[in-house]
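When a ligand or atom number is given, it counts from 1 through the structure's own listing order.
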Amino acid sequence: MESQSLFVGARQNLDLALKHIAISEDAIEHLKHPKASLQVSIPVRMDDGSLQVFQGYRVRYDDTRGPAKGGVRYHPQVSLDEVTSLAFWMTFKCAVLDLPFGGGKGGITVNPKQLSRLELERLTRGYIDAIADFIGPDVDILAPDVYTNATIMGWMMDRYNIIQRKSCPAVVTGKPIALGGSAGRETATAMGAFFVMQTILPKFDRPPAETTVAIQGFGNAGSFLAEQIYRAGYRVVAVSDSKGGIYAPAGLDIPAIRQNKEAGRGMEALYCHGTVCNMADHQLITNEALLELPVDVLIPAALENQITPENADQIQAKLIFEVANGPITFEADRLLNQKGIYVLPDILTNAGGVTVSYFEWVQNRSGLYWSAAEVEQRLAERMTRETERIWQLAQSLDLSLRTAAYVHALDRLRAAIEVKGTRDYYAQAKA
Ligand SMILES: NC(=O)C1=CN([C@@H]2O[C@H](COP(=O)(O)OP(=O)(O)OC[C@H]3O[C@@H](n4cnc5c(N)ncnc54)[C@H](O)[C@@H]3O)[C@@H](O)[C@H]2O)C=CC1
Ligand SMILES: O=C(O)CCC(=O)C(=O)O
């Protein structure tokens with residue numbers, strides 16, 4: 001059976017939210033299509049002298065509220081369909097947080113783990129050569145996503161500056177601090193999710209010490225969040241990376257696991273190094289099994305389509321915080337709702353990253369840099385405020401938190417699109 005397009009699935013949430021908001025037919029039509037999509041071939045000279053051509057993408061989904069904004073993913077599964085979905089989600093995410101940005105996203109179909117550092121740098125610079133006319137600090141601003149990081153963002157900015165023959169730090173966020181990056185961007189996605197948790201969990205009378213948590217994905221988002229919630233006193237009982245996970249009902253020593261992971265060890269090895277190896281009650285588990293553990297809180301923080309109609313019924317968590325983009329399919333979301341499981345949606349929960357990216361863009365453009373404490377305080381204010389608003393909206397309209405988040409975003413998008421008018425200039429001239 002051919003699998004459904006990710007973008008078709010993503011748009012189903014928009015259709016659902018449209019039932020709960022008065023919005024013009026023009027604005028609806030506008031929001032159903034990406035504004036511009038670019039696919040490029042990137043030739044790269046490999047270390048062995050051969051030439052390999054990679055496929056790259058950048059999609060600007062909507063820029064009514066400001067320049068498009070969104071990360072760049074390096075992963076073997078990257079496709080135009082995936083990048084379009086991610087750009088669609090960015091559009092709603094930026095509106096949820098009231099950032100003056102539209103939504104964009106990029107990617108390259110590649111397994112970066114198979115490239116040397118120099119090949120990775122040549123690929124990155126080649127990507128910027130290929131998309132330079134499509135991006136810019138006032139047009140479309142890049143950032144990190146899966147398997148990209150601050151070093152790669154630095155290469156992107158450098159290549160863009162060389163092409164433009166001037167310094168344009170605001171074309172990319174998530175850069176190294178030495179190159180104009182913001183304090184707090186590296187941990188921003190995790191911190192944003194943490195503030196959402198801190199706003200929501202008290203409503204369920206869930207003190208940290210009595211709350212068990214499982215986290216799928218131990219990268220930028222998942223590992224910093226694991227450490228943050230561990231330090232806040234929650235019991236993190238399971239974590240995983242692409243190779244599998246570990247489960248210890250008594251709780252894991254997350255700082256030790258992070259240290260071992262940074263030293264380049266796999267999940268099994270990292271559990272058996274350092275202080276954690278003394279705990280007898282741990283077991284290795286698959287990523288699939290992690291999702292079905294008897295925990296209070298489940299945090300998917302890896303890739304899309306992890307919870308589907310096939311496993312939705314086995315999910316035991318009472319609350320799911322979507323740190324990954326699109327980890328739950330539309331149909332699975334419906335089933336989880338029926339089971340009374342609360343899902344804090346991606347377009348809210350993981351918005352801390354793009355929020356601090358916005359702060360970085362503001363700092364780059366003003367030339368005035370903020371302290372880590374100032375960044376964190378501004379992030380906490382915004383995440384808490386918008387989480388509370390979505391919670392209230394869900395309560396008052398009796399909606400799921402996801403639909404409430406879409407309605408909240410749509411209200412802001414609608415206002416901008418309707419005031420600006422459509423792109424159908426001929427019809428406007430006639431009217
Ligand atoms: N980095 C950021 O600022 C933001 C990231 N996100 C989303 O968070 C998710 C994770 O992104 P990052 O942490 O940045 O990526 P990352 O590249 O830092 O880490 C990805 C993690 O996922 C694991 N992983 C990969 N395939 C897996 C699989 N099949 N099963 C389980 N784990 C798997 C990897 O081992 C790694 O631990 C993605 O959905 C991304 O779009 C969302 C907002 C911002
Ligand atoms: O920091 C950004 O601009 C975007 C991060 C991102 O790609 C995401 O939120 O999915």
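Classification of the Phe204-Tyr342 ring pair by plane angle, with boundaries at 30° and 60°, yields perpendicular.
Counting heavy atoms from C-beta outward, Thr387 and Leu348 have side chains that approach closer than 4.5 Å. Within the 4.5 Å cutoff, the side chain of Thr173 has no heavy atoms near those of the Leu142 side chain. A heavy-atom distance below 4.5 Å is found between the side chains of Tyr74 and Ile152. The shortest distance between side-chain heavy atoms of Pro255 and Arg231 falls below 4.5 Å. Counting heavy atoms from C-beta outward, Val8 and Asp81 have side chains that stay 4.5 Å or more apart.
The distance between the ring centers of Phe88 and Phe92 falls below 6.0 angstrom. Taking the six-membered ring for Trp and the full ring otherwise, Trp89 and Tyr61 have centroids separated by 6.0 Å or more.
Closest to atom 9 (O) of ligand 2, if we only count protein heavy atoms, is Lys93 NZ, 2.6 Å. The protein heavy atom nearest to atom 3 (O) of ligand 2 is Lys69 NZ, 2.7 Å. The protein atom (non-hydrogen) at minimum distance from atom 6 (C) of ligand 2 is Lys105 NZ, 3.4 Å.
With ligand atoms numbered from 1 in the order given, ligand 2 contributes 1 (O) to contacts under 4.0 Å with heavy atoms of Gly353. Listed by number with element, the atoms of ligand 2 under 4.0 angstrom from any heavy atom of Gly71 are 4 (C), 6 (C), 7 (O). Each of the atoms 1 (O), 2 (C), 3 (O) of ligand 2 lies under 4.0 Å from some heavy atom of Ser357.
Of the charged side-chain nitrogens involved, at least one lies within less than 4.0 Å of a carboxylate oxygen, so that Glu82 and Arg73 count as a salt-bridged pair.
Of all the heavy atoms of Leu142, none lies under 4.0 Å from any atom of ligand 2, so neither backbone nor side chain is involved.
Listed by chain and residue number, the protein contacts of ligand 1 are Arg73, Asp145, Val146, Tyr147, Arg185, Thr189, Gln216, Gly217, Phe218, Gly219, Asn220, Ala221, Asp241, Ser242, Asn287, Ala301, Ala302, Leu303, Val323, Ala324, Asn325, Asn350 (heavy atom within 4.0 angstrom).
Residue Arg73 places no heavy atom under 4.0 Å from ligand 2. Under a 4.0 angstrom heavy-atom cut-off, Gly70 registers as being in contact with ligand 2.
Inclusion of Ala143 in the set of residues having an N or O under 3.5 Å from an N or O of ligand 2 is not warranted.
Side-chain contact annotation: Thr212 with Asp296, donor-acceptor N/O pair under 3.5 Å present.
When the options Asp346, Leu344, Ile347, Asn337 are evaluated for a side-chain contact (heavy atoms from CB on, under 4.5 Å) with Arg402, the one that passes is Asp346.
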